[in-house]
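For reference, the structure is listed below as structure tokens.
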Amino acid sequence: MGATGQPQEPKTTYREAMREALREALRSDDRVFLMGEDVGRYGGCFGVSLGLLEEFGPERVRDTPLSESAFVGAGIGAALAGMRPIVEIMTVNFSLLALDQILNNAATLLHMSGGQLPVPLVIRMTTGAGRQLAAQHSHSLEGWYAHIPGIRVLAPATIEDARHMLAPALADRDPVLIFEHGSLYNASGELPPPTAPVDLEHAAIRRPGTDISLITYGGSLPKALAAADELAAEGISADVIDLRTLRPLDDAAITGSVARTHRVVVIDEAWRTGSLAAEVSARIAEESFYDLDAPVERVCSAEVPIPYARRLEEAALPQTADIVAAAHRVVE
Amino acid sequence: MSPARGTRTRKPSATSTPAKKAPTSKQSTTSELPDDRPGIGHKVNLLEAMTRIRRFEERCVELYSAAKIRGFVHLYIGEEAVAVGVSEALTPEDAVVSTYREHGHALARGIPAEAVMAEMYGRTTGCSGGRGGSMHLFDASRRFYGGNAIVAGGLPLAAGLALADRMRARPRVTCCFFGDGAFAEGEFHETANLAALWGLPLLLVCENNLYAMGTAIERHEAQTDLAMRAASYGMVAWAVDGMDVEAVEQAARRAAESIRAGAGPHFLELRTYRFRAHSMYDPDRYRDKEEVEQWKNRDPITRLVDRMRENDELGDKELARIEQQVTDEIDRAVETAEQAPEEPAENLLRHVTSAPVEVN
């Protein structure tokens, strides 16, 4: 019971929510198995799969060699042969070693085969910076994957999405990539029972507002919400849009928000050049130009490999203060 | 077949060299009518299958020159014994993963010449609906999984097909064809490690035609004994004469049986040669004419024909029948491809995702 005497949902973390989603997937469909580096004995590089080996055994919670290309490709082959693999890659940086399999096979086989070979595969990986892990563990490359036709790209930013996006991802007949921002794993909150099935088509309005749209996803969502709080204290009402699905983008949610607010800041932890923020901005220019009262602003990472030193890393990444400053420029 | 070389295994019991006698080799010469003798009908089938591939590709050369078919076209001429011999050892339930030089694998797997030719033409009736072309032939109903134009790119995929069978306890084999060029790719080594580590029912068939595109094996591999290198991963590995279809079949059958019995992945290095250049664009300046001629003396089709004739197993009439049948088949394939409809442009975005059409 909470302090108010009302029944309270127990607190859970993003990590636990993801684990529960995996547990449910493994329990409910014997075609599902989890495969990746350290997912079994170690309990997952980020502790997500802790305990699942004991519960489901080494056939279904399968430790792999450090061979991203082989085990991602094996996931594709197993999917073709009727399984429902969930492949975990430790970080998006390492996924580049499997890019051939993801792009040239997973995303392409359905089309190249004239529709004969769908690849019902889920690939999970962490993304993002903020933990002083330096350049080779800190980049945000999900926008690159969102460039590729034939795959769906998800970025759960909330505990609810971490818990409930996996099942529809597994039900998808096509490859789905799920990007989990490393800084979100310890996020904690209440997990209400689902009111509706999570769809993988729509963005979410995380905070409705009327003066400015803050459009973001994944690890930048908490920063955008914090910025919205600061702006609210100044009397500026921010509409915070969580894209959730980076491919295909929910154009209606974007244009709808711009139509309400007429001013936009896009926040994306990837580098500004060629980023998902660039795509969103271009779509706004194409679809919502006459709704705009000011040029679109972008808050992205500095164009630098993410450095180790705390002060430099913080300076490289989009921060709440940067979002507030950008909002001021747009609203003024 | 040549003796096994570089054979290594975790289980000494599985180490023996392949048996001298293949189930399909000639067993008797006592019947009066050649075609009734056990094994001869099978040899005729092998000959017909190899001839089909040869004539199909010779026709492709003509069609390419006439600009009827385009793109990269990689011919298999000279290597027919590999596709045919290995395919004979597989069942319809087994899976096949192939490369960009896969006309032979596709035809040997039983994909009709009409469907393959229509794909070369980019027509709706092609085995990939016109979206794959020469390098991306697929047939899900025959468990033929391409058609992969990234060297070694099919290997991890094949491991996954085998993994699914292993997890489902299905007594199937996944056969993956690839060339000697793929040996230099990390994906080969990652897959070999994974397959041996997990004991996957995988038949790795390396078509060692001595060239990775235009680079001779001595110039692209530090160690050219490929079977030995594969064996170092703890799998059974044999080197076989890839110009002898019966030797190939015999080795492939033994390997497939062993895999079905649970002995894990097997590796076959099939020593073969492509008589033509790497692709239709390739001027073939990197090989001596004498070398090519020497290998042509070992033409797998001629060899089988000569051997059957020596043993009185093949007459002129039968040979002519095979040629006629194959020619008719390919004529029909070309004719139907010529007449087949082209996929309308409004269908462009089909099959990008399983959803009807991706709109953004």
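If you tally non-hydrogen atom pairs under 4.5 Å between each of B/Gly153, B/Gly132, B/Ala159 and chain A, the highest count goes to B/Gly153. Between chain B and the options A/Ser113, A/Ala106, A/Gly75, heavy-atom pairs under 4.5 Å are most frequent for A/Ser113. Ranked by heavy-atom pairs under 4.5 Å with chain B, the list A/Val72, A/Asn105, A/Leu97, A/Leu66 is led by A/Asn105. Ranked by heavy-atom pairs under 4.5 Å with chain A, the first of B/Gly186, B/Gly129, B/Ala95, B/Pro156 is B/Pro156. Taking B/Leu137, B/Asp165, B/Leu163 one by one and counting their heavy-atom pairs under 4.5 Å with chain A, the maximum is reached by B/Leu163. For chain A, the option among B/Ile150, B/Leu194, B/Asn193 with the highest count of heavy-atom pairs below 4.5 Å is B/Ile150. Ranked by heavy-atom pairs shorter than 4.5 Å toward chain B, the options A/Gln101, A/Glu59, A/Arg152 are led by A/Gln101. Here B/Ser128 is the residue among B/Ala162, B/Ala164, B/Ser128 with the most heavy-atom pairs under 4.5 Å with chain A. Of the residues considered (B/Asp139, B/Val97, B/Thr124), B/Asp139 shows the highest number of contacts with chain A, using heavy-atom pairs under 4.5 Å.
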Distance-only check: which donor-acceptor pairs under 3.5 Å involve side-chain atoms of residues 104-111 of chain B, not counting sequence neighbours?
unit_1: B/His105; atom_1: ND1; unit_2: B/Ser98; atom_2: OG; d: 2.6
unit_1: B/His105; atom_1: NE2; unit_2: B/Tyr76; atom_2: OH; d: 3.2
unit_1: B/His105; atom_1: NE2; unit_2: B/Glu207; atom_2: OE2; d: 2.8
unit_1: B/Arg109; atom_1: NE; unit_2: B/Arg142; atom_2: O; d: 3.0
unit_1: B/Arg109; atom_1: NH1; unit_2: B/Thr91; atom_2: O; d: 3.2
unit_1: B/Arg109; atom_1: NH2; unit_2: B/Thr91; atom_2: O; d: 3.2
unit_1: B/Arg109; atom_1: NH2; unit_2: B/Pro92; atom_2: O; d: 3.2
unit_1: B/Arg109; atom_1: NH2; unit_2: B/Asp94; atom_2: O; d: 2.6
unit_1: B/Arg109; atom_1: NH2; unit_2: B/Arg142; atom_2: O; d: 3.2

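A/Met83 touches chain B through its side chain: at least one heavy atom from C-beta onward sits under 4.5 Å away, while N, CA, C and O do not. Of the atoms belonging to A/Leu117, it is side-chain heavy atoms, and not backbone ones, that fall under 4.5 Å from chain B. Contacts between A/Asp172 and chain B at a heavy-atom distance below 4.5 Å are absent for every atom of the residue. If you measure heavy-atom distances from A/Arg31 to chain B, the contacts under 4.5 Å come from both the backbone and the side chain. Only the backbone of B/Leu348 comes within contact range of chain A, with at least one heavy atom under 4.5 Å from a heavy atom of that chain. Contact annotation for A/Thr64: both backbone and side-chain heavy atoms come within less than 4.5 Å of a heavy atom of chain B.
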Exercise. Are A/Phe71 and B/Glu190 close enough, and set up right, to give a side-chain contact (heavy atoms from CB on, under 4.5 Å), and what steps lead you there?
Worked result: CA-CA 9 Å; A/Phe71 69 72; B/Glu190 290 191 21; over 6 Å; no
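Between the side chains of A/Ser69 and B/Glu187, at least one donor N or O sits under 3.5 Å from an acceptor N or O.
A/Gly77 and B/Leu161 make their closest contact through O-CD2, 3.3 Å (heavy atoms, listed as atom of the first residue, atom of the second, distance). Annotation for B/Arg143 and A/Ala81: closest pair NH2-CB, 4.1 Å, computed over non-hydrogen atoms. Contact between B/Cys127 and A/Gln116 at its shortest, heavy atoms only, is O-NE2, 2.6 Å.
Looking only at distances, no side-chain donor or acceptor of A/Asp174 sits under 3.5 Å from a matching main-chain atom of B/Thr353. At distances below 3.5 Å, not a single donor-acceptor pair connects side-chain atoms of A/His111 with backbone N or O atoms of B/Arg131.
Around atom CZ of B/Arg70, more than 12 heavy atoms belonging to other residues, nucleotides or ligands sit under 6.0 Å away.
Counting only heavy atoms from C-beta outward, the side chains of A/Leu109 and B/Tyr145 never approach each other to under 4.5 Å. Using a 4.5 Å heavy-atom threshold, the side chains of B/Leu157 and A/Leu80 count as touching.
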